[in-house]
Asks: 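If you scroll down you'll find the structure; I have some questions about it.
Protein chains get the first letters and strands the later ones, always in sequence-line order, with residue 1 at the start of each. Because the structure is a prediction, the values reported are computed rather than measured.
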Amino acid sequence: MSIDTTTDPSAETFVPKSDFIRVMQERGYIHQCTDLTALDTAAAAGPITAYVGYDCTADSLHIGHLISIMMLRWFQKTGHRPIVLMGGGTTKVGDPTDKDQQRPLLTDAVINTNLASIKRTFSAFMTFGETGQDAIMVNNADWLEKLGYIEFLRDYGVHFTVNRMLSFDSVKLRLEREQPLSFLEFNYMLMQATDYLELHRRHNCILQMGGSDQWGNIINGVELVRRVAQKPAFGLTTPLLTTSSGQKMGKTLGGAVWLNAERLSPYDYWQMWRNTEDADVGRFLKLFTELPLDEIARLEALGGAEINEAKKVLANAATTLLHGPEAAATAAAAAVAAFEHGRLSEDLPTVEIAAGDLSAMTNTALMVAAGFASSNGDARRQIAGGAFRINGVKVADANALVEISGSEAELRKGNARKRLVVS
RNA sequence: GGGGGAAUGUCCCGAGUGGCAAAGGGGGCGGACUGUAAAUCCGCUGGCGUACGCCUUCGUAGGUUCGAGUCCUACUUCCCCCA
């Protein structure tokens, strides 16, 4: 059985009938689809069910997951039922896609902790429940862990040829890079395909979505459902999220852009969007906000410094979706006060130093305490390069004691990173 | 089964004659310039110490040597040739 692939569907050549596909197309969510026309027809005929799977390798999702979360959100908004699949079982195997080597195997305890932590993010984007188009959340550990080996091989393994498996990028890449690929990892794509079939049986799920890197894994699931269940099944992937200058997105603040507030404060999340490159503003507004398209067109047409207004709209809208309107407003207010009025803002992320300790600290130690440097050496180098400012004044001597007159001050690293220190 | 190569700074690629904290890129961070943008130019990019310095790094484990990324042995993984 072969898969019809629609690559890069352009608005000129295809006019969707369903709201879902129309929105996906207009807003730039679609990279590849197994059969866009048929999927559109199905979505136009009535509510359908789709899923996206998420690993439990960390205790928070990051910005790379956000496109697919937005897709699920639109999917629900346009009248369909989304399934969030937590990879409690597949995480035990580990997806080899885009990885040079096998990662350390996570324990059950860690996986379960991560799973519980990740769950919370989704409720901000979707309505969960038991009826109609309410989203549901399932864990593939529920069925994968019960599989017996022989049974698995006979029921599912028989549908996959090694010849074909070797042709998938996730496998090919590892072989080309001369890195070992364990048999454990080699099985990952079968696990994911099994998920699709299981969700098809349990919930009549006919669509799996994900990032473009998941294309191979998704195809396997589509084929398995078609073959075993003899029913239509579709796959839809989104483009990889990069900035216009070709870089991986989310490095603006030095680390990964986490979605959990404990990992990355709403203020820093807001800042990340605020610092979007000019050329990305329109694209990001379409993908990460729900502003009407004509409004987006107006915003992205702003020239010169005026486009900063569009970036603020983007930051407000995106932060509101994830952290809620209050957190977004607070972050925006802190940024305006700190950057545009040069005032000390109580709403900046705060570093607390015990009373008395602050004046006994070196500038180096303060930089480390503020999270601006990863080690003392790093802090010294940063200060030598003129990166550190207290209340706007450049700190010159890394070894000198901190000079702060009041009980609080604004710390700044580089152009855009600000913290409030209180003692 | 036999023979020949390869694994380098835990982000990636990649030089490396026995004296190496280890060339050079990319990426990242910072400075200048700007609009909290991009492009451009410049600096930094193992840990601890104020500093002479000390400690930890070159697939894994041993060994030779005053001294080993560099030589020897075994192991792991990958590539090529022969069977």
Side-chain angles (χ1 to χ4, degrees), chain A residues 62 64 96 98-104 171-186 242-257 267-285 299-300 302-316 331-343 345 348-349 361-365 367-368 370-389 392 394-401 410-419:
Chain A
H62 55 76
D98 291 331
K99 300 192 179 53
D100 281 348
Q101 52 187 297
Q102 184 170 327
R103 292 174 302 191
V171 173
K172 220 164 51 178
L173 190 86
R174 193 75 76 83
L175 296 179
E176 279 167 8
R177 299 197 96 179
E178 306 179 7
Q179 298 290 339
L181 175 73
S182 69
F183 186 67
L184 174 78
E185 296 174 280
F186 190 56
T242 54
T243 66
S244 288
S245 27
Q247 273 140 35
K248 259 184 299 181
M249 197 180 159
K251 290 297 177 187
T252 338
L253 294 169
V257 178
Y267 169 83
D268 284 325
Y269 189 73
W270 193 94
Q271 281 294 320
M272 190 273 303
W273 293 110
R274 171 62 184 81
N275 284 309
T276 297
E277 293 176 23
D278 289 7
D280 292 325
V281 171
R283 193 160 54 99
F284 288 179
L285 280 166
L299 287 169
E300 79 178 315
L302 292 173
E306 284 191 355
I307 200 161
N308 285 331
E309 290 310 310
K311 294 183 189 181
K312 284 189 225 169
V313 172
L314 170 63
N316 285 334
V336 168
F339 286 96
E340 293 177 24
H341 303 308
R343 283 206 308 266
S345 170
L348 286 172
M361 264 180 140
T362 60
N363 288 316
T364 299
M367 252 200 120
V368 174
F372 283 170
S374 57
S375 68
N376 293 343
D378 185 30
R380 279 192 208 95
R381 284 189 292 267
Q382 297 283 1
I383 291 172
F388 189 36
R389 287 168 214 246
K394 208 175 265 191
V395 171
D397 187 350
N399 298 316
L401 294 179
E410 181 196 85
L411 307 182
R412 175 175 144 199
K413 181 202 178 196
N415 262 337
R417 300 196 65 189
K418 297 193 177 190
R419 294 281 112 111

Asks: Sticking with atom P, work out how far C20(B) lies from G14(B), rounded to a whole angstrom.
Replies: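 Looking at atom P only, C20(B) and G14(B) are 24 Å apart.
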Asks: Between D397(A) and N363(A), what is the shortest heavy-atom contact and its length?
Replies: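 Closest pair (atom of D397(A), atom of N363(A), distance): O-ND2, 2.9 Å.
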Asks: Considering only heavy atoms, which members of residues 378-385 of chain A lie under 4.0 Å from some atom of RNA chain B?
Replies: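 Contacting residues: R380(A), R381(A), Q382(A), G385(A).
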Asks: Whole-Å distance between A37(B) C1' and K312(A) NZ?
Replies: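 Value for this atom pair: 14 Å.
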Asks: Mind checking side-chain contact (heavy atoms from CB on, under 4.5 Å) for A315(A) and listing every partner two or more places apart, or none if nothing turns up?
Replies: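 For A315(A), the residues satisfying side-chain contact (heavy atoms from CB on, under 4.5 Å) (neighbours in sequence not counted) are W270(A), W273(A), R274(A).
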Asks: Suppose we screen for salt bridge (Lys or Arg N to Asp or Glu O under 4.0 Å). Which residues come up paired with E410(A), at least two apart in sequence or across chains?
Replies: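 Partners of E410(A) under the salt bridge (Lys or Arg N to Asp or Glu O under 4.0 Å) test: K418(A).
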Asks: Across all strands, who's sitting opposite G49(B) as a Watson-Crick or G-U wobble pair, both distances under 3.5 Å?
Replies: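 None - no nucleotide pairs with G49(B), as no candidate has both distances under 3.5 Å.
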Asks: With both distances under 3.5 Å as the test, what is the Watson-Crick or G-U wobble partner of U60(B)?
Replies: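 Matched U60(B) with A74(B) under the 3.5 Å cut-off.
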Asks: Do any side-chain nitrogens or oxygens of K413(A) fall under 4.0 Å of OP1 or OP2 in G31(B)?
Replies: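 It does not, given that no N or O in the side chain of K413(A) lies less than 4.0 Å from OP1 or OP2 of G31(B).
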Asks: On RNA chain B, nearest-nucleotide positions of F339(A) versus A387(A): which is more 5'?
Replies: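 Residue closer to the 5' terminus by nearest nucleotide: A387(A).
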Asks: What is the distance, rounded to the nearest whole Å, between atom CG of N415(A) and atom P of A32(B)?
Replies: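 Rounded to whole Å, this separation is 7 Å.
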Asks: Rounding to the closest angstrom, what is the interatomic distance between G43(B) and G53(B) at atom P?
Replies: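 Between the two P atoms, the distance is 25 Å.
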Asks: Can you tell me the distance, in whole Å, between the CG atom of N376(A) and the C1' atom of G47(B)?
Replies: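 Those two atoms, CG and C1', are 10 Å apart.
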Asks: Select from A335(A) and G386(A) the residue whose nearest nucleotide in RNA chain B is closer to the 5' end of that strand.
Replies: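 Per heavy-atom nearest nucleotide, the more 5' residue is G386(A).
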Asks: My understanding is that a pair needs two contacts under 3.5 Å, Watson-Crick or G-U wobble. By that rule, which nucleotide pairs with C44(B)?
Replies: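 Because both required distances fall under 3.5 Å, C44(B) counts as paired with G28(B).
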Asks: Respond yes when some side-chain nitrogen or oxygen of S375(A) is under 4.0 Å from OP1 or OP2 of C48(B), and no when none is.
Replies: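 It does, given that an N or O in the side chain of S375(A) lies less than 4.0 Å from OP1 or OP2 of C48(B).
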Asks: For N363(A) and G30(B), what is the distance between atoms CG and C1' respectively, to the nearest whole Å?
Replies: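 That distance rounds to 17 Å.
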Asks: Tell me which nucleotide, if any, is Watson-Crick or G-U wobble paired with G35(B) when both distances must be under 3.5 Å.
Replies: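 Partner of G35(B): none.
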Asks: Please state whether the base of U36(B) and the side chain of E340(A) form at least one donor-acceptor pair under 3.5 Å?
Replies: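 When only heavy-atom distances are counted, E340(A) does not reach the base of U36(B) through any donor-acceptor pair under 3.5 Å.
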Asks: Expressed as a whole number of angstroms, how long is the span from M272(A):CE to A37(B):C1'?
Replies: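 So the two atoms are 15 Å apart, to the nearest Å.
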Asks: Enumerate donor-acceptor pairs with a distance under 3.5 Å from any side-chain N or O in residues 304-314 of chain A to protein atoms, sequence neighbours excluded.
Replies:
| from | atom 1 | to | atom 2 | distance (Å) |
| --- | --- | --- | --- | --- |
| N308(A) | ND2 | A305(A) | O | 3.3 |
| E309(A) | OE2 | K312(A) | NZ | 3.3 |
| K311(A) | NZ | T276(A) | O | 2.9 |
| K311(A) | NZ | D278(A) | OD1 | 2.7 |
| K312(A) | NZ | E340(A) | OE2 | 2.8 |

Asks: Specify the closest pair of heavy atoms between K394(A) and G386(A), including all atoms of both residues, with the distance to one decimal.
Replies: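 So the two residues come closest at CE-O, 3.6 Å.
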Asks: Taking side-chain contact (heavy atoms from CB on, under 4.5 Å) as the definition, give me every residue that meets it alongside A365(A), ordered by chain and number, with sequence neighbours left out.
Replies: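 Expected list: M361(A), T362(A).
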Asks: Answer syn or anti for C20(B), where the cut-off is 90° from 0 on the glycosidic torsion.
Replies: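 Chi for C20(B) falls in the syn range.
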Asks: Can you name the residues that form a salt bridge (Lys or Arg N to Asp or Glu O under 4.0 Å) with R419(A), not counting sequence neighbours?
Replies: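 R419(A) satisfies salt bridge (Lys or Arg N to Asp or Glu O under 4.0 Å) with D268(A) once adjacent residues are dropped.
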